[in-house]
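Values reported hereafter were calculated over all heavy atoms of this structure, with side chains retained and with hydrogens, waters and symmetry mates removed. On a predicted model such as this, the values are computed, not experimentally measured, just so you know.
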Amino acid sequence: MRATVIAAFFGVFLTCTYTAKEATKKTKKAKLYVPQIDCDVKAGKIINPEFIAKCPPGCQDVKHRVYGTDIYASFSSVCNAAIHSGIIDNTGGKVLVQKVAGHSGYRGSFSNGVRSLSLPRWRESFLVSEGKPRKGVTYPSTLEYSSSKSTAVKSAAFSNVLNFASEPKKPEQDLKGTKSADTANTSEKASDQGDTARKEHRTTPGPTPATEMATTTPTPTTTTTEPSTTVPQPTTTPAAPRTTAAPAKARPGLHRGRDMGSSSVHPAYASVVAAAARQVQAAQGRGQNTGAQHQEPVATFQRAASSPIHLAMEIDSWKPGLSLFDTGFTSKEELNPKPLEPISQGNQNCKVDLSFLMDGSWSIGKRRFQLQKRFLGNVAQALGIGSAGPLMGIVQYGDDPSTEFNLKTYANSKDLRNAIEKIQQKGGLSNVGKALSFVNKNFFLDANGNRGGAPNVVVVMVDGWPTDRVEEASRLARESGINIFFVTVEAAAQSEKQNVIEPNFVDKAVCRTSGFYSINVPSWFSLHKVVQPLVKRVCDTERLACSKTCLNAADIGFVIDGSSSVGTGNFRTVLQFVANISKEFEISDTDTRIGAVQYTYEQRLEFSFDKYSTKQDVLNAIKRISYWSGGTSTGAAISYASEQLFSKSKPNKRKIMIVITDGRSYDDVSMPAMAAHQNGVIAYSVGVAWAAPDELEAIASDPAKEHSFFVDDFDNLYHYVNQLIQNICTEFNSQPRN
């Protein structure tokens with residue numbers, strides 16, 4: 001008996017132990033589940049403050065950019081940062097990510113085969129460590145991303161079928177045309193308060209509304225009629241002759257406008273859609289005259305919109321709280337063209353992120369404020385606003401600046417013009433400097449629609465003169481990568497000049513390049529004449545890439561080969577090459593600074609970064625450099641330049657080294673170059689004649705093909721002046737903005 005009890009007890013014990021182990025295994029499995037991420041996923045795109053993720057193989061690639069060392073800017077690739085830090089290698093693995101506060105500077109370095117870049121500042125940072133859970137911390141099995149695709153994609157096609165089948169053919173087009181005309185006429189009345197010539201100027205480019213309507217139809221190239229001839233007057237019932245328009249175009253056009261540019265019905269549904277549409281039309285037409293058919297579609301449209309499937313789609317397609325179809329198009333608010341219009345692609349030859357600083361001070365007056373709004377509307381029209389082209393926001397300034405709307409608020413010119421027309425004057429002083437500081441810190445953020453790859457542009461409207469200083473605010477904005485244009489109207493009167501704080505404020509505020517960044521207009525009534533010139537300059541992205549945004553923010557050190565193989569005549573050609581590059585930069589104590597080292601077997605500091613503070617002094621110093629002659633120790637010269645020039649560079653400057661050589665070095669160049677790269681120096685190599693290609697690549701920063709150049713003769717060096725400057729500027733503008 002006793003043995004039986006013991007055996008039973010032992011059996012129960014084993015069963016409980018086994019059950020406990022299985023439960024533990026299941027629990028552990030649940031806790032150890034790690035979500036996988038792609039190589040290009042940036043830490044800032046993941047909302048979770050701390051998480052473990054698994055990186056796939058093959059993330060060690062220059063296209064997955066990393067900013068910082070040990071502590072990385074959240075703009076960096078998580079997986080490539082983990083490789084840079086040594087947590088994982090290129091075969092992938094698990095990594096623990098912890099978000100921390102932003103830093104004022106990130107130091108670039110070369111580590112574990114990854115080149116990380118330097119960055120002046122960023123709003124958020126992260127740390128990477130071995131992918132093991134910390135005690136007491138629960139990690140998510142699914143990561144939460146800052147932006148995700150709509151979950152209603154699957155239901156969209158079926159919803160399209162239902163809506164196409166239930167919508168009548170002709171009268172829907174009339175309804176849309178009537179409402180559009182109402183909105184257009186209201187806008188025209190508000191903007192036509194002026195002379196007849198200006199009215200003609202606005203109405204001549206009339207195809208814009210037609211173009212926007214055309215983008216909502218399956219065959220936009222066939223819609224070429226002027227809006228005034230296609231849209232009836234809002235107070236009249238659409239005339240019978242309008243039934244000759246192709247109904248098949250009107251229905252999809254209206255539907256696509258509602259669905260934010262959804263694609264047409266899949267071919268598999270084509271026969272179903274056509275049959276259903278014919279049945280609906282036949283059912284509505286039985287026993288009804290032509291006049292009744294013009295009235296019925298409103299009710300039919302309301303019923304279709306209120307179907308459960310349609311509403312489910314609308315909830316996903318529109319922002320929460322938007323009830324466009326609940327009241328049957330009975331108010332102007334419901335006819336707001338913003339939700340009805342699809343996202344416009346815009347002028348793809350002018351991809352810029354643009355902010356207008358609008359003068360709202362009392363000095364401008366009400367009449368001139370209206371002229372300013374009309375000017376901004378015309379600029380928006382001429383730019384061709386769209387998601388793949390220019391985007392535009394407006395900040396109004398007076399005593400204090402405030403954002404009227406940001407880059408992502410409006411995606412086409414028509415909506416933007418309507419919004420500009422509704423802006424109310426703030427009043428106050430003309431604090432332009434304060435407004436520029438506001439834009440620099442707050443406007444060009446990812447959350448406000450900044451696209452990163454598009455140049456940041458600010459156009460400042462000024463009536464008379466600013467009531468605060470603009471030079472310092474402008475310089476800081478330019479160093480952040482913002483191209484600044486000034487449009488000044490009606491300079492200060494003679495009696496007012498004694499109150500002007502900075503008489504030459506425009507020259508101090510913009511890049512001094514032959515007036516490209518400034519336009520002066522003698523009168524507000526002449527503003528319409530500068531619409532096209534301003535648009536042309538703003539859209540000149542090639543020139544924007546080398547504006548003051550990149551020409552005033554570096555310490556540039558030239559490392560010049562003075563070996564005997566160069567020769568006296570060729571050495572003078574090299575110096576001319578150095579001078580041609582230097583003169584393109586804005587040189588001062590606070591802008592770009594220039595230094596130079598000459599080398600043979602030995603090295604000589606020709607002048608340091610703090611030696612000369614004007615462009616002319618720098619050019620004169622370059623001209624005075626005397627030819628040394630001797631051997632070629634390029635590696636030692638790079639180390640010397642790192643110690644004598646770049647160790648004394650300012651923390652907020654980009655460090656750029658340009659090495660010029662005509663032959664193979666007697667010493668190793670790879671280790672000195674790598675040390676310079678790790679200290680944040682961006683190195684360019686320029687080889688002439690017998691220069692060794694492998695050494696040029698070793699000297700150059702990654703990617704080497706964008707940082708190394710070769711010419712077969714000294715006389716051809718000038719060919720690379722513009723290319724080298726362009727590369728410097730493109731690299732600068734590719735850095736992310738805060």
[X]: side chain to side chain donor-acceptor pair (under 3.5 Å) partners, not counting sequence neighbours:
X	result
N448	none
S437	none
Q372	none
S125	Y106

Could you list the residues that satisfy side chain to side chain contact (heavy atoms under 4.5 Å, CB included) with [X], not counting sequence neighbours?
X	result
R368	I364, D463, E490, W524
K536	none
A554	I556, T592, R654, I656

Practice task
Enumerate the residue pairs fulfilling salt bridge (charged side-chain N to carboxylate O under 4.0 Å, His left out) with a member in residues 426-436, sequence neighbours excluded, ordered by first and then second residue.
Solution key: D400-K434
Problem - disulfide bond (SG atoms under 2.5 Å apart): pairs with one or both residues in residues 379-439, sequence neighbours excluded - result: none
Problem - disulfide bond (SG atoms under 2.5 Å apart) partners of residues 354-425, not counting sequence neighbours, each pair once - result: none
Handout entry: All salt bridge (Lys or Arg N to Asp or Glu O under 4.0 Å) counterparts of D353, not counting sequence neighbours
Key = R451
Handout entry: Non-neighbouring partners of E472 that pass salt bridge (Lys or Arg N to Asp or Glu O under 4.0 Å), sequence neighbours left out
Key = R475
